[in-house]
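Notes for the one structure printed next.
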Amino acid sequence: MAHSHDHGSHAGHGAGHVHGSTDKKRVLIAACLTAGFMVAEGLGGLLTGSLALLADAGHMLADSIALGLAWYAFHLGGRPATVRLTYGFGRVKTLVAYTNGIAIFAIALWIVYEAWGRLMTPAPVLGGPMLVVAIAGLLVNFASFFVLHGGDRDSLNMRGAILHVLGDLLGSAAAIVAALVILATGWTPIDPILSVLVSLLILSTAWSLMREAAHVLLEGVPASLDRDLIAKDIAGTVNGVREVHHMHVWSLDGSSNMATLHACLNDGVDPHQAVSAIKKRLAAEHGISHATVEPEFGQCADSRDEHDHDHDHGAPPHHGHYH
């Protein structure tokens with residue numbers, strides 16, 4: 001049975017390469033800014049006794065590592081495919097995004113635990129120095145967020161990096177509010193309370209990131225696509241195609257969509273022209289840049305009789321057909 005492969009247009013690949021190169025630089029700048037201020041904020045938290053500052057410093061420590069991993073993922077993503085990794089390293093970015101989500105969960109839970117201890121046993125907090133450090137942290141985090149915000153918002157890896165910096169930004173803002181309240185009223189419980197509030201806000205966003213990254217890693221159909229509708233569209237618009245089945249649609253990295261399918265053709269149809277038309281339709285109407293199409297005449301090559309010889313040798317039954 002003939003197969004045909006399409007590795008996407010050069011124009012699309014070029015655009016993705018430009019995005020990746022720019023995003024790589026943005027993430028590196030944000031990583032340097034975050035790591036540079038993390039030490040100062042950690043020392044400030046220890047000297048002032050502020051959990052909000054220590055929590056934000058903890059965020060920044062994890063984020064420095066996470067942003068470094070995100071940068072390395074972009075670095076690997078630009079490498080060509082190998083004999084062993086025929087799709088290249090593009091999915092590393094999705095794996096890092098998922099890992100970042102887990103890291104955010106761990107940090108947030110630690111902050112909640114520490115905050116509970118502070119509420120049970122209040123500790124003195126130096127509001128003045130805390131306010132100075134928090135404002136400086138806010139400026140650094142805002143600069144990092146501004147750098148990353150101009151990147152590719154469709155990239156899960158970039159969104160993971162932005163989420164980390166957004167957490168730091170909110171943490172610095174919370175520390176400023178806590179410092180002002182402590183200076184004005186002397187009420188120190190505001191420090192752990194705002195820390196918990198920021199953690200809960202970040203947790204919801206982290207869960208969304210992890211869910212999307214896991215969907216990509218499980219090769220689920222992208223949210224913007226409907227496999228059944230695409231199959232019907234191909235059968236209804238491409239001349240000579242009688243039916244489309246055994247169709248799989250997934251994304252390599254959250255932005256590059258791919259598909260495989262069997263196309264049942266009418267007798268006398270030129271398979272090469274039919275496959276070409278199917279690929280053009282997938283790319284133009286559905287954003288699927290890489291497709292593997294198997295043209296068929298008559299019975300599907302993967303169809304098996306229940307008494308097939310393979311079953312006699314314990315071979316597992318074939319699953320996954322879409323009719």
Side-chain angles (χ1 to χ4, degrees), residues 5-10 12-35 59 61-107 144 147-167 205-225 248-260 287-292:
H5 301 271
D6 177 22
H7 295 278
S9 66
H10 291 289
H13 176 76
H17 179 72
V18 171
H19 258 309
S21 178
T22 303
D23 289 348
K24 180 180 174 182
K25 293 177 182 177
R26 291 178 184 275
V27 170
L28 180 60
I29 293 172
C32 292
L33 288 173
T34 302
H59 270 137
L61 172 61
D63 294 350
S64 299
I65 298 172
L67 289 170
L69 286 174
W71 173 84
Y72 190 61
F74 278 119
H75 178 69
L76 284 179
R79 290 186 179 182
T82 67
V83 175
R84 299 293 295 174
L85 296 171
T86 56
Y87 278 122
F89 296 80
R91 187 157 282 186
V92 172
K93 293 179 288 186
T94 306
L95 184 60
V96 168
Y98 185 78
T99 304
N100 278 346
I102 295 177
I104 293 169
F105 255 86
I107 294 169
S144 297
V147 169
L148 293 176
H149 190 70
D152 182 11
R153 302 302 295 277
D154 291 330
S155 167
L156 283 174
N157 192 36
M158 178 57 81
R159 285 170 56 190
I162 291 174
L163 178 58
H164 274 282
V165 174
L166 180 61
T205 312
W207 172 252
S208 176
L209 175 69
M210 288 175 60
R211 185 175 56 192
E212 290 188 45
H215 190 74
V216 172
L217 293 173
L218 290 172
E219 298 190 342
V221 178
S224 60
L225 301 176
H248 301 274
V249 181
W250 72 100
S251 176
L252 186 63
D253 56 5
S255 58
S256 177
N257 298 325
M258 317 179 81
T260 61
I288 298 175
S289 58
H290 179 116
T292 300

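Predicted, not measured: the structure shown is a model, and the values here were computed from it. In this chain, residues are counted from 1 in sequence order.
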Practice item. To the nearest 0.5 Å, tell me how far Leu166 CG sits from His149 NE2. Key: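 One gets 10.5 Å once the value is rounded to the nearest 0.5 Å.
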Check your understanding: Just how far is it from atom CD1 of Ile162 to atom CG of Asp23, taken to the nearest 0.5 Å?
Key ->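 Going from the CD1 atom of Ile162 to the CG atom of Asp23 covers 8.5 Å.
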Which residues pass the side chain to side chain contact (heavy atoms under 4.5 Å, CB included) test with [X], sequence neighbours left out?
X      : value
Val92  : Ala73, Leu76, Phe89, Val96
Met210 : Tyr98, Ile102, Phe105
Leu28  : Cys32, Trp71

Practice item. Start with the C-alpha gap between Leu225 and Ile288, add the side-chain angles, then the distance that decides, and say whether side-chain contact (heavy atoms from CB on, under 4.5 Å) holds. Key: CA-CA 9 Å; Leu225 301 176; Ile288 298 175; 4.2 Å; yes
Check your understanding: Would you say Val165 and Leu33 make side-chain contact, with heavy atoms under 4.5 Å?
Key ->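 Val165 vs Leu33: side chains apart.
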**Study point:** Least distance between heavy atoms, Met258 atom then Leu252 atom
**Key:**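 Where Met258 meets Leu252 most closely, the heavy atoms are SD-CB, 3.9 Å.
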Review point. How close do Gly68 and Ala31 get, heavy atom to heavy atom, and via which atoms?
Key: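 Looking at all heavy atoms of both residues, the closest pair is N-CB, 4.3 Å.
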Practice item. Determine which pairs satisfy salt bridge (charged side-chain N to carboxylate O under 4.0 Å, His left out) with at least one residue from residues 214-223, sequence neighbours left out, and list them in order. Key: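 Only Arg91-Glu219 qualify under salt bridge (charged side-chain N to carboxylate O under 4.0 Å, His left out).
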Point to revise | Sequence neighbours excluded, every pair satisfying salt bridge (charged side-chain N to carboxylate O under 4.0 Å, His left out) that has a member inside residues 209-218 | key: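 Pairs touching residues 209-218 that pass the test: Arg159-Glu212.
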Kindly list each side-chain donor-acceptor pair under 3.5 angstrom involving residues 78-85, sequence neighbours excluded, with atom names and distances?
residue: Thr82; atom: OG1; partner: Arg84; partner atom: N; Å: 3.4
residue: Thr82; atom: OG1; partner: Leu85; partner atom: N; Å: 2.8

Exercise for review: Please lay out, stage by stage, how Val27 and Tyr72 fare under the test side-chain contact (heavy atoms from CB on, under 4.5 Å).
Suggested key: CA-CA 10 Å; Val27 170; Tyr72 190 61; over 6 Å; no
